[in-house]
Each structure stands twice: as structure tokens, then as C-alpha cells.
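To start, the structure under review is shown below, and the notes come after it.
The shown structure was predicted, so the numbers you read here are calculated from the model rather than taken from an experiment.
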There are 2 protein chains.
Amino acid sequence: MENEIVDIENLTEKLLELISNKDVKGIRQIFEVIPTIDIADACNQFEDISKLVFIFKTVKSEYTADLFTELDPDVKQELINMMSDAELAEILDSQFNDDLADDIEEMPANLVSRVLRNVPKERRAVINKLLNYQENTAGSIMTTEFLTLLDSLTADEAIARIRSIGKEKETIYTLFIIDKNRNLVGTVDLDDLIFAKGEEKLSKIMNRDFVTVNVNTDQEEVANMVKRYDLNAIAVVNNDERLVGLVTIDDIVDVIEQEANEDVAALSHVAPLEDSYLDTSVAKMAKKCIPWIIVLLVLGTFTTMVLDKIEKSNVFTLVPVLICFVPTLMDTGGNSGGQTIALMIRGLGTKEFTPKDFWKIIKKEAMSALIIAAIISAFAFLWFMIEQYTGIVTNTRPGFSDPATGEFYTIWNGKCWNIDFFNGAIGIALTVAVTLFIAAFMAKIIAVLLPLGVAALKKDPAVIAQPLLTTIIDVVSLLSYLGIASVFAAAFNLM
Amino acid sequence: MENEIVDIENLTEKLLELISNKDVKGIRQIFEVIPTIDIADACNQFEDISKLVFIFKTVKSEYTADLFTELDPDVKQELINMMSDAELAEILDSQFNDDLADDIEEMPANLVSRVLRNVPKERRAVINKLLNYQENTAGSIMTTEFLTLLDSLTADEAIARIRSIGKEKETIYTLFIIDKNRNLVGTVDLDDLIFAKGEEKLSKIMNRDFVTVNVNTDQEEVANMVKRYDLNAIAVVNNDERLVGLVTIDDIVDVIEQEANEDVAALSHVAPLEDSYLDTSVAKMAKKCIPWIIVLLVLGTFTTMVLDKIEKSNVFTLVPVLICFVPTLMDTGGNSGGQTIALMIRGLGTKEFTPKDFWKIIKKEAMSALIIAAIISAFAFLWFMIEQYTGIVTNTRPGFSDPATGEFYTIWNGKCWNIDFFNGAIGIALTVAVTLFIAAFMAKIIAVLLPLGVAALKKDPAVIAQPLLTTIIDVVSLLSYLGIASVFAAAFNLM
């Protein structure tokens, strides 16, 4: 019994010691009391994989089956190379078809043919079929080892049948009931079967309100069904509505985590890692990180173009302090839109809503965007006044001051303008605050339209909508800034 | 049998029609063939909740138990108000303790006391205890309705015992085995029990390599244990190592999704929503969105300060085109650091690594940061040359050109400088590219140090590290820019 995750380093040393002492009893005892996944983690640390062979020869096959499944792909491949065909066949025999198909996908071609040579012909056919389903569909994650029972059986007969053949099936917690035409007509949870009267027919006990998914259904959709209907396993049917497999809840847990990681990755401009972070090589990491940064850098050129225009404009040349607020403006717009796009991408991802809910969403978002933009902009106005009074930013306009009065004058459009500091500070703070209002509001609206539009076109919003968002928001904010600054500068005698 | 999620709108209308016709048979039939969660969703749409009472009076209690659990909190509360104490007691009787505790947490005080008055005294004690566990711990998500069996029972005796009492327990797929001192000594999966020989003792069949969690263990940690060990349910023990509850895999699915949403929320600067997006009010949405934007706006003041300094510096006044690259610089630094911090926060969140792996992580990240920064910076150099040659940005320095040669001169530090365009373009592109290298590299290093540091202090890195990151990266990038520009401007005769 263990209260915490086992110390893998200690376990590795212990195992290596037992192996070099050929301590069969010691090794077997470890498998009795320590979870196999922890032992697999320890075995993955072995520098000399040949030592692993001793474990496979020593331990009961019920353990080695799990152990093999949990080994790292490279360890697995090295181990297969060291085994005789007979040993290999024995291990393969204990693997589930879907696990084996997953392994084969990662193996070099010579190993694949050796592995397939060592499984019986009928199994080979099933595995080949599993390998042909498109990635991330129900077909690609389903198991084909399920149990069907005829609806005419009684509970006692069903239990007897499960006892005689169930052990090789991946789950018996959900049983699929077929009629004499082999059509799927219901499901029975094992607990309901156990609690049923012995002579009751399955057709009486079974749930007829079950749901199924197609082999081509996206795995995220499958996960949503399993979650929504609180299932242990869901039936997968082909286009003829025939039962071809099932997906169990433990596979769903992996899907949910994988999809969450993909959403986080997309929102952070990095391609999703296939392996865990620590197992990803430096070269692979660079390959995952570089493309999006370069795309964004090129997309950012639009921002540079607008800023170049701004920087050469009359108003920004005469009131250069306005440039200092550009990052604040861009960041706030980006943050405001970023919040909404994250909510959209997670909501679409977890199927909490679909593009059909467009009007509900845009109404809600427009209302909250108004409130949020108004409050932020009001706060920003005060804060920008503080920035100017504390001298965090100072307004150094080209011009001259009247020695008699100390008042400041500047020349613009051939006229001489008197600039009052208080008036100027308000003018600047108001210019930025009003632009900020527009930027924060527009950002949220764009952040709704873009992902919902992309999703309506059946493309992945996380991958397409997110990179465009920042550029669009930046350009919209900066152009608004230029326009508003030109109007306000004249109105407030800023120049 | 349903292939897709049921059309809720249609179902709502159908139900309302059946209710107004008092069609008992029709309603019962719907419950037979449509999943209860879909019916609950339809009932949540009722404008007149009193109509729901008819359903509760009509349908078998095995359905109403689920139906009640799945109703929206406000519908649930209105319904309770409409029921007599006897009706309420009947419904409460069918609820699991953990579901009931969750409900009570959301109810107004007067309803809470009414609900607690209508459950038996012993149950009240259990619920009160559940309510006292800290949020997001194993205790707060566990169920107390579990089944323990003595290790001296045989398989047949165990099955008989399950049949006699199991129906009221939340799961019988994992059975917890205790010795005569009531110490937890093992677990038995129901399938193993079914496949075991009838006369075999549980002490023979049971897994002794099981894991447990403490009531105070964080739910994320519990989720990781269940995933890692591929469990249907995990035992929760108190500080005396006594079994007090269990957490089932369907609760874990919710935890994983909730934690993923929290990570996404934190990375996007929005407080996590408690309800689904569509159920969150506009006012609540504003409350979730505004605080972080304002914090970031205030933090952004540091960026403004640095930019103000830059904008007034000699080099930026004389080569104002350099200002145009500020957004590119800040965005690229932010994107580069954003990638790493997302990997860190997800990795720490899913317990893929801990702050103890610091050296492994910093080594990997430093290596890949070098490669990434070098490649991006090389690309950026070429791109910035293109930007200048295409006129996307143009260098309008104050100065004069020699009418005879067309060469351009400017005055700086009291000297007259000749500016060669090609030299100038290279100088500018190189200045920005080198700064970009430093920004992209430093950003990744800071994005490792910050979250791991915060996690080592046992604080949530998603909430604390992320907002600081952008500001630190911005300030570091801009200060580097100023320094590098000053050196390069002199070296390349830019000014």
C-alpha cells in the first residue's frame, strides 16, 4: 500500500540489484505490492535494456502484459529486438488490440512487420483496420474487444457467459445487448446485472435510452457524450449502424487532457507536444515553437506599417508623448480580446456552445464588452492623469515659453497655439482613454466573430482565429488612436 | 436509441404538451427511451416550474433521482419550495450524499435548513462533514457511500453481500477490503471478483498494490493518481489512515476539465467562471474580466516609463524609425515567453514535473531558447531588410542631402555624419535583430524561473507568474533595445 507516488529512482536501483542477484522471489514480491506503472517507469530508466528480459522471464504474465504496455516506445522497440519470436508472440498475445495498434503506429517498419508476423491472422486483420481509422476519431481510440449478449438471455445466463469469456475483453462494466438480427438494442451496466433477479431477461433489464457514436465522430465529441451521459463506455457503430467497438472512460480521460493541452498550446502560439515536456527533445521543442513566432512576426508587419504612419503624422510629431501609450493601448486591446477568445475556444472545444448560439453569445459579449470597456477606460483616464502629474510621462513638445507669463506656445498649421498644461494633460489622457474604450470593446467583438466564424466553417478556431486576432486588434487600435488623436489634438489645443 | 444529442427545444415542447394533457403513459415512455440528462435540460427550460411537480409525481423514483440531480440550481430551489416535506424527503432519500452536499452549498440559508430537516439524523452528520472539507480537496469531491468487505469473505459470499446492500452505494466496480481491525488492506475490481473461483478468499484475490489519497489532498493530485494508476475509484483516508470515502473516475473527469479551464483562464487573464459561459450573467462576466486588465494596465506603467525614456533619447530622436519596431520586439518577446510559461503551467498543473526538476527543465529550455532565438533573429534580420527596401518602414532622419552626390548627412554630437542607406538599413535591421535575440532568449528563461519559483513557494503559478511575465519581458526588451541601439547607431553611422 502506497500513500504517495513511489520514488522511481530508488525502485530502479532496487530492481537492478535484484536482477543482478537473480533474486526471482524478490522481483515477484515487488510486483505484488507496487503498481505496475511505477515499475514500468523504473524500467524505463534502465541503461541496459537486456536486464529487462530477465524480468519478463520471471514475472507472471498478468503483470508483464501491463508492464509492456507502459514502457517507453524506444525501450519497447529495443526489447522486441532482443526477444525470440516465441517470447514476442507470448507478450503480444496479452496485449489489447487498441494498445497494440498504438504501439505499431510509433514503430519503425522492420519492427512492425515482425510484430504483425507474430500475431494470429484474425487479429492482424483487426489491427490493420484500427490503423486505418483517421486520427482523433472514435475509430482510432476505440477497442474492438467488447462483449455482446443476446437480449433473450436471463441475468444468470448472462453472468455465466461473462464468466466464461469476459476475461479477454477490455471492459465488462458496460455490456452491449443485441437482438437475434445482431442489431444493438440496449446496454446493461454490470451492477444492474448483478442486482437483477436471476431469471429476469436482459431485454427487461437493459437501458434502451443509450447513445452511440459513429467511427468517424471526432474524439472530442465522443468525450462530450461520455461526460454528458455519465457513461463507463460508449458504443461505436459504423455507417450501417452495426456495433464495431467501444470507447471506455479511461481513454476519455486522456482525450480530455489532450484536447485541453491543445487549446492551451494554440492560445500560447506553440504547436502541441506529442510527448510529455520532459521527454521532448530540444530540437523538437524548437520546431514546435519557431513557426508560430515567425508567422506572428510577419503578421506584425501590419502593425509596424501603421505605427510608421503614425510616427510620421503631424499629431504624433508635435505631441510625441502620445507614442508612450502605444504599448498600453495594444496590450489592453490584446488582453481584452484574449479573454474572450479563450472563453470562445474552450466553450467551442468542450461543446458548451456551438456557432448556432451566435446571437446569444454576441448579445452577451457586446453587453459585457460595453461595461468592461467603460470601466477600464474610466480607470485608465485617472491613471494617465496620474502618470502625467507624477512625471512618469512628460510632454516635451517643440515650441517656446513666454518669459513673462511662463505660458507655453507651439506652432502648428502656421498658427501659434497656446498650450495650457492642465488642458493638455486632460486632452492626452482623454485621447488615450477614448481610444482604449474603442480598442477594448472592438477586441471583444472581434474575438467573438473570428472563432465562431472559423468554427462555422468547420475549421479549428484555436489554430486559425488566435494568431489573426492580435494583428487585427493592433491595427484597429492604432488606426483609431491616430484618428482620435488628430481630432482631440485640435479640440484641446494639444499642438 | 439516439445517435446524436437530443433536440432539447423539441423535447421541452413535447413534455409541456404531455403535462397539460396529463398523459402519464406518454411521460413515462419518454423516460424509457431518452437519457435523463436530456430530459433535465428540457425541464430547465420550463418557465412555470410547477409543471415539473407533475413529472416528479408520475415517474418512477429511479428516474426522478437522476432528474433532480441534473436540474439547474435555481430550478431545484424553486421546486423544493413547491414541495411538501413528505415529497421533499422522498427525493432527498434518493440522492447521494456528495451530490446533496454540492446542492446545499449553492442554496440560500432557509432552504438549507429545510433540506437538512428532511434527511435522517445520521445522514445529516455525514453531509455536514462533507461540507466542512476545504474546496478542491479529495474530501470535498469524495463520496461516502462506498462498500467495504472483510478480507476473510469468499468470492461467493462477497457477491451475495454486494447483492444485498450494494444498490445504495455509488460504485461497486471497485470494492475496498478491510481486515478484522478495519484497516484497509486491499481493493478488488468487480470484474476480478466475477472471474474468481467461488470459494476463493478475498485476501487471495485482492490487489495489495493499491494507492490512497488523504482527505486534504488537492483534487488535481487525486486526478493525477487516478489517471496514472488507471483506476475506477481511489480510496480516501483520513490522517489516521482510516478509509473515509472514495473518489470515482467520473468525478475525476470533471476535475480534469475544471483544472484545464482554470489554466486557460489564468493564461488569458480572466478569473475562472464558476458556471458555464452561457449561464454566466453579463455583470458577473465583467467582474471576471476587469480586475486583471486593470492590474496589467497599471503594471504596464513600467513599460510606459521605459518607452518615455527611449522616446526622448538621442538615438531614438535622431533615428525615429526605430520606434516602429517596438511592437514587434515586445510581441515577439511576449510570444516567446508565453509559449514557455504555458508549457510550465500545464506541466506543473498536470504534475508532469515539479519544481524539483528545475535543473532538467532550465537546461532543456536554455538550449532550445538559444536555438529558437537564433533562428527567429536571423529570420527577423532578413525580414527587417525587406521592410526597409519595400518602404514598409522608411528612415526619415532630420538632416540634409548633398545636391552634388545625393548622399545624406545629419548632425549628431556636434559632428556631421554621412549616412549610407545600405549601411543604415543593415544597421537598423541588425539593431532590432540582436535585440530580438536577447528578448526571445531572456523571455524563455524568465518564463521558466518565474512559475517554478512561484510553485516552489507553494503558490499557484498560473495566477501569480503570468501577469508579471509580460511586464518584465517588456521592460527587459526595451532597455536592451535602448542600449543596443545606442552602441550600434554609433558603429553604423546611423545618426
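Heavy atoms closer than 4.5 Å to chain A are found in the side chain of B/E387, but not in its backbone. With a 4.5 angstrom heavy-atom cutoff, B/K364 touches chain A via backbone and side-chain atoms both. Only the side chain of B/K444 comes within contact range of chain A, judged by heavy atoms closer than 4.5 Å. Both the backbone and the side chain of B/V298 come within less than 4.5 Å of a heavy atom in chain A. Neither the backbone nor the side chain of A/K363 comes within less than 4.5 Å of any heavy atom in chain B. For a residue to count as touching a neighbouring chain, one of its non-hydrogen atoms must lie under 4.5 Å from one of that chain's; by this rule A/L273 touches chain B with the side chain only. Contact of B/T303 with chain A is made through the side chain alone, with heavy-atom distances under 4.5 Å. Looking at B/N261, both its backbone and its side chain come within 4.5 Å of chain A, counting heavy atoms on both sides. Both the backbone and the side chain of A/I37 have a heavy atom closer than 4.5 Å to some heavy atom of chain B. Residue contact with chain A, scored on non-hydrogen atoms closer than 4.5 Å, involves the side chain of B/D41 exclusively. At a 4.5 Å heavy-atom cutoff, the contact between A/I159 and chain B is made by side-chain atoms alone. Residue B/S336 touches chain A through both its backbone and its side chain, counting heavy-atom pairs closer than 4.5 Å. For A/T328, the part lying under 4.5 angstrom from a heavy atom of chain B is the side chain only. At a 4.5 Å heavy-atom cutoff, the contact between B/A196 and chain A is made by backbone atoms alone. Only the backbone of A/L193 comes within contact range of chain B, judged by heavy atoms closer than 4.5 Å.
The shortest side-chain heavy-atom distance between A/L267 and B/V264 falls under the 4.5 Å cut-off. Using a 4.5 Å cut-off on side-chain heavy atoms (C-beta onward), A/P327 and B/D474 make no contact. At a threshold of 4.5 Å between non-hydrogen side-chain atoms, the residues B/W383 and A/I294 do not count as touching. Counting only heavy atoms from C-beta outward, the side chains of A/L296 and B/D331 never approach each other to under 4.5 Å. The closest side-chain heavy-atom distance from A/L436 to B/L297 is below 4.5 Å. Within the 4.5 Å cutoff, side-chain heavy atoms of A/F195 are placed close to those of B/I172.
The choice from B/V306, B/V270, B/I194, B/T187 that makes the most heavy-atom pairs within less than 4.5 Å of chain A is B/I194.
Applying the side chain to side chain contact (heavy atoms under 4.5 Å, CB included) rule to A/A286 yields the partners A/I290, B/I371, B/I372; only residues at least two apart in sequence or on another chain are considered. Every residue was checked against the salt bridge (Lys or Arg N to Asp or Glu O under 4.0 Å) condition with A/D250, not counting sequence neighbours, and none meets it.
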| query | After noting the C-alpha distance and the side-chain angles of A/D209 and B/F31, does the key distance pass the side-chain contact (heavy atoms from CB on, under 4.5 Å) rule? | reply | CA-CA 8 Å; A/D209 60 349; B/F31 274 83; over 6 Å; no

| said: What verdict does the side-chain contact (heavy atoms from CB on, under 4.5 Å) test give for A/Y229 and B/T36, after you've listed the backbone C-alpha separation in whole Å, the side-chain angles of each residue and the deciding distance to 0.1 Å? | reply: CA-CA 8 Å; A/Y229 297 108; B/T36 311; over 6 Å; no

| message | Assess the residue pair A/E365 and B/V282 against the criterion (side-chain contact (heavy atoms from CB on, under 4.5 Å)); give the C-alpha distance rounded to whole Å, side-chain angles, the decisive distance to 0.1 Å, and a yes or no. | response | CA-CA 8 Å; A/E365 207 56 36; B/V282 169; over 6 Å; no

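From B/K312, atom NZ reaches atom SG of A/C324 across 5.5 Å, with rounding to the nearest 0.5 Å. How far CD of B/E257 is from CD1 of A/I256: 5.0 Å, rounded to the nearest 0.5 Å. Rounding to the nearest 0.5 Å gives a distance of 5.5 Å between CD1 of A/I361 and CG of B/L278. Remark: A/K360 NZ to B/Y277 OH distance equals 11.5 Å, nearest 0.5 Å. B/I376 CD1 to A/C289 SG: the interatomic distance, rounded to the nearest 0.5 Å, is 8.0 Å. Atom-to-atom distance recorded for B/M367:CE and A/M285:CE is 12.0 Å, nearest 0.5 angstrom.
Residues B/S268 and A/Q339 come closest through the heavy atom pair O-CG, 3.3 Å. Heavy atoms only, all atoms of each residue included: B/L190 and A/Y173 are closest at N-OH, 3.3 Å.
Comment: B/K227 does not engage A/D254 in a salt bridge, judged by the lack of any side-chain N to carboxylate O separation of less than 4.0 angstrom.
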